[in-house]
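See below for the structure under consideration.
Remember, predicted model here, so these are calculated numbers, not experimental data. All ligand and atom numbering here is 1-based and tracks the order in the structure.
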Amino acid sequence: MNKKILVIHGPNLNLLGQRETDIYGAATLAEINRRLETAARSFGLDIVIWQSNHEGEIVDKIGKSAPEGFAGILINPAAYTHTSVAIRDAVAAVKLPVVEVHLSNIHAREEFRHKSLIAPVCVGQISGFWGGSYLLGLQALKDLLI
Ligand code: DQA
């Protein structure tokens, strides 16, 4: 049976394609998701893709992921990367590998984006390859799991 990966897109990522395209790229979230689905098929992984603008919903989703049979999580916590102790604690508590991704290179941007509260409790972080960050993150999870 294929391993199942949960992809979580955080706040405002529903606006990709129209939002600061010089920073995040021109691809819409639907286009990124299609590329993820194609890559997952080629890796022999099943993926479920989910987006939320709400911190508590993201905490709940992470908490339910292991009992729901997921084997790993790919997450772009978006703005919550820099603020959310609650999401960090949810990631620390979940007994699954979690990979953090960002479209932009957060380390090359405003200082408040340099710090991720989530990255220290993840397996690793991929940042700066626009939509490609998600594909690299999925590849990393595949290598960890297969
Ligand atoms: C982001 C970077 C965050 O700083 C920002 O708040 C986002 C998107 C990225 O993917 O580059 O919303 O996570």
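- Under the 30°/60° scheme for interplanar angles, the aromatic rings of H82 and H102 are found to lie parallel.
- Nearest protein heavy-atom neighbour of atom 6 (O) of ligand 1: R113 NH1, 3.1 Å.
- When only non-hydrogen protein atoms are considered, atom 3 (C) of ligand 1 lies nearest to H82 NE2, 3.5 Å.
- Listed for the S42 side chain is a donor-acceptor partner under 3.5 Å among the backbone atoms of A39.
- The ring pair (Phe, Tyr, Trp, His ring centres under 6.0 Å) search around H9 returns Y134, not counting sequence neighbours.
- Heavy-atom separations between R19 and ligand 1 include at least one value shorter than 4.0 Å.
- Atom CG of L103 is separated from atom CD1 of I32 by 5.0 Å, given to the nearest 0.5 angstrom.
- When only non-hydrogen protein atoms are considered, atom 8 (C) of ligand 1 lies nearest to Y24 CE2, 3.6 Å.
- Listed for the K4 side chain is a donor-acceptor partner under 3.5 Å among the backbone atoms of E68.
- For ligand 1, one of its N or O atoms has an N or O atom of A79 under 3.5 Å away.
- Residue N76 has at least one heavy-atom neighbour below 4.0 Å for each of these atoms of ligand 1: 9 (C), 10 (O), 13 (O).
- Taken to the nearest 0.5 Å, the CZ atom of R113 stands 11.0 Å off from the OG atom of S127.
- Among all non-hydrogen protein atoms, the one lying nearest atom 2 (C) of ligand 1 is I106 CG2, 3.7 Å.
- Judged purely by atom type and a 3.5 angstrom limit, T21 has no side-chain atom pairing as donor or acceptor with the backbone of G17.
- Separating the CG atom in N76 from the CG atom in N12 is a distance of 10.5 Å, to the nearest 0.5 Å.
- Looking at N12 against ligand 1, nothing comes within 4.0 Å, counting heavy atoms.
- Looking only at heavy atoms of the protein, atom 1 (C) of ligand 1 is closest to H102 ND1, 3.7 Å.
- Scanning the protein for heavy atoms near atom 9 (C) of ligand 1, the closest one is L103 N, 3.4 Å.
- Nearest protein neighbour of atom 11 (O) of ligand 1, counting heavy atoms only, is S104 OG, 2.6 Å.
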